[in-house]
Each structure stands twice: as structure tokens, then as C-alpha cells.
**Student:** 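For reference, the structure I am asking about is given below.
Chain A is the first sequence line, chain B the second, and so forth, proteins listed ahead of strands; every chain is numbered from 1.
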2 protein chains.
Amino acid sequence: MTKSSTTVRQRIVAGAADMMSRRGLNATSIRETAKHARAPLGSTYHYFPEGKQQLVTEAVRYTGEWTAASLRRELEAGPVAGLGAFLALWRRIVVDSGFRAGCPVLAVSVEEPPTDEPPAALLAAADVFTEWENLLAGSLREHGVEPRKAAQLATLVVAAVEGTVAMCRAKRSPQPLDDTAEQLRDLILAAITD
Amino acid sequence: MTKSSTTVRQRIVAGAADMMSRRGLNATSIRETAKHARAPLGSTYHYFPEGKQQLVTEAVRYTGEWTAASLRRELEAGPVAGLGAFLALWRRIVVDSGFRAGCPVLAVSVEEPPTDEPPAALLAAADVFTEWENLLAGSLREHGVEPRKAAQLATLVVAAVEGTVAMCRAKRSPQPLDDTAEQLRDLILAAITD
DNA sequence: GTCTATACGAAGATAGAC
DNA sequence: GTCTATCTTCGTATAGAC
């Protein structure tokens, strides 16, 4: 594998994640992802021999890792800071794209694959959600929140952010994210000062 | 329009909503919705002359109305009862379908249509979210929550439920919904007893 | 009014030329 | 190793027979 190959591969994955977040899983075609990365169609199947399933799974994991890294970094300043960064990250993506982009992990979680059984991309999406929840829950526990409540709050935060991103897209407004942000912030503040 | 026509039409709309909630917007084809309703392909275009855009828009509104009716009914017993019914409704859909069905309104909100501009289905989705929020916010205000907080809480509830439904699908578990339910319940209880 | 047959495009995937 | 050309299937939509 040459150096430029690696770069093309990464461009394809990142581009696929972006397209999935806009059009959804099914409407993101291998053809278009290749064109977007200025790579011929055949190359995509060279880099991703298992086809679309492999590409979208990597796109989900890529988004998951990228977001988790940001979350991990910001959580060092505490749960409220982490929550703020998490919300700001998605707000930027939604607003900067003119309410066209969203979360590719959510896209995968909403569209059932044609085949009957355990699609790799959906399993990856579940893992990504769990990782984000674990990061948040861990930080909450470190700040005195009891484990059960920490886990529930973490789930609520991730779910609320994902749902709000979709609502902002539909309404073409950042208002839902701002409303959710304020309520979640109060909730986390109250939890860690109990 | 004959009596049986109306029935077929309704079957097509309800079937489309179900398929959208499972496969997503783009993977729900007119062909399959027709087959699902045991109607020939041509009939679908007879009932929905504007094609897929019209059908999916009606499916979104159908889901919105159906859910709003349930919400309105249960909110008569107060915000906590309304929230509980709202959560129970989606929990049933997700669990009874073996984690295959979800919310068609969310599906539409996550997938950008191929064309450039204001797709009717997305506008309908935004309206549905707003209606659900308004119902919840109204009930909260009636129970003494100040308008601004009532609106923010309502947004949080709708967003969290939508996001949690998607998470349950990905994880193939009702756990996220149960966690979210408990936290939202506490939050609403605290708000109305301030 | 209901439906069959079909036009046309685009999808996923692959064969095989370079 | 890289890419073009193509196979097959399925999508939306419509024309026109009953």
C-alpha cells in the first residue's frame, strides 16, 4: 500500500461519512463517494473489497472515533465542559452545512439494511453510541454522580443530542439544539452538585 | 372515489409509514409499498398523482396525527402521564417489531432528498415535531411551568425520545428507552412541583 | 377507474484492459 | 495496482389496454 493510497482511502471514508450524514445511508452510493474523493469507482472496490458494507462501517467508526477524541479531551475540564463541547461540535456541523449535514451514526441507526442479519454498520453504530455514553458516564461518576444515574444521564444526553440534530435539520433552525443544550446543562449541573 | 378505494389508500399510507420506519425513506419504494398493501403499482400513482413525495408526506402526517391524538388524550391526566404514554407508544413499536421499526418522522428528518429544495415531507416532519412539542409544552404550562422552560423541556423530551428510539434499534435493546424514561420522568416531576 | 407492461436511469458489483 | 466498461437488478414514473 503506497502513501497516496492511504490518503485516498481516508478521503473516501471521510467523504462517505459526510454524505451519509446528509443523504442517509441508502442514498449514499459508492459511485458518488468515489467521485467526491476524485477516485475512480474501481479503486473503491480495491480499497474496500467487501463493498459498501465495509465502507459505511468504517465511516461510522471514523465518526465515532473522531467525536470520542473530542469528548475525551473536553471532559478533562469536567462533565459540563464535555457536554458543551459535544453539543457545540454537532451544532457546528448542522449550522455550517446550512442544516444539510447531520450525524452519520444516526443515519445508520435509522435505516435497516436489506439483508436479514447483523449488518456490520449497525453493530458499529451501537458501539459508537456506547462509547460516547461510557465517556460521559465515567466523567459524571468521577464528579460524584452515582453509577446508575450517571449511566442514565449519559444515555439521555447522547439520545437527546442525536434527536435534536435531526430536529434542527427538519426545522432548518438551531433553536432545538440551543433549547436542549440549556436543559441538559442545568440537569448535569444539578446532578454533580447533589 | 369508492369506499374500497379509500381503504386501499389508507392501507398504502399506513404501510408506507411502517416501511419508512424500518428501512428509511430512500429504501422505501413505491413498488414495495404497493405490494405490501396488495395494490398494483399503477394504483399507487392513481391515488398519489404526485408520486413518492406525496405518499411519504402523507405517511409523515399520518404518523404525526396518530401520535398527537394519543398524546392529547393521555395529557389530560397530566404531563407525567402524557410523557409515559408517549414513551410507551414508541417502546411498543420498537420492541414488538424486534427492534426493526422506528419512527418514520425521524427517518425523513435524517435523509436529505435528492432535489435542492424544500421537500414537502421534510416540512411535514418539522410540523409534526412542533405539534408534539406544543402539546407537551402546553400541558407543562398548565401545571405551572414557566413558558420558556416548558418549551425547552418539551423539545428535550421529543428529541430524547426520537434519539433513544434510534439507539434502541442499533443496540437491539429497550434499555436506552427505559433509562431515558426514568430520567425524563424525574425531570418533569421536578419541573411541575417547583 | 384498475391494472399490465414498459421506458429510462442509477444502483451494487465485477471482469479484465492497461 | 488502477481504472474503464459492462452485467444485472431495482428504482420512479407513465402509456395505454381493459
**Student:** Who passes side chain to side chain donor-acceptor pair (under 3.5 Å) against Glu182(B), sequence neighbours left out?
**Tutor:** Arg148(A), Gln152(A)
**Student:** Could you check how far NZ of Lys35(A) sits from C1' of dA10(C), rounded to whole Å?
**Tutor:** 11 Å
**Student:** Please determine if Glu32(B) and Arg23(B) form a salt bridge, counting it only when a charged side-chain N lies under 4.0 Å from a carboxylate O.
**Tutor:** yes
**Student:** What residue pairs, at least two apart or across chains, pass side chain to side chain donor-acceptor pair (under 3.5 Å) with a residue in residues 131-145 of chain B?
**Tutor:** Lys171(A)-Glu133(B), Glu133(B)-Thr155(B)
**Student:** Indicate for each nucleotide in nucleotides 12-18 of chain C, in 5' to 3' sequence, whether protein heavy atoms under 4.0 Å reach the base (B), only the sugar-phosphate (S), or nothing (-).
**Tutor:** BBB----
**Student:** Among all residues two or more places apart in sequence or in another chain, which pass the side chain to side chain donor-acceptor pair (under 3.5 Å) test with Thr164(B)?
**Tutor:** Thr180(B)
**Student:** So, using side chain to side chain contact (heavy atoms under 4.5 Å, CB included) as the criterion, who are the partners of Ala181(A) when residues are at least two apart?
**Tutor:** Leu87(A)
**Student:** According to the side chain to side chain donor-acceptor pair (under 3.5 Å) rule, which pairs have a member within residues 69-96 of chain A, sequence neighbours left out?
**Tutor:** Arg91(A)-Asp178(A)
**Student:** Looking at dT2(C), I'd like to know if its phosphate oxygens (OP1 or OP2) sit under 4.0 Å from a side-chain N or O belonging to Ser43(B).
**Tutor:** no
**Student:** Measure the distance from CZ on Arg23(A) to C1' on dA11(C) and round it to the nearest whole Å.
**Tutor:** 13 Å
**Student:** So, is His46(A) close to the dT2(D) phosphate, meaning a side-chain N or O under 4.0 Å from OP1 or OP2?
**Tutor:** yes
**Student:** Using whole Å, report how far CD1 of Ile12(B) lies from P of dC3(C).
**Tutor:** 10 Å
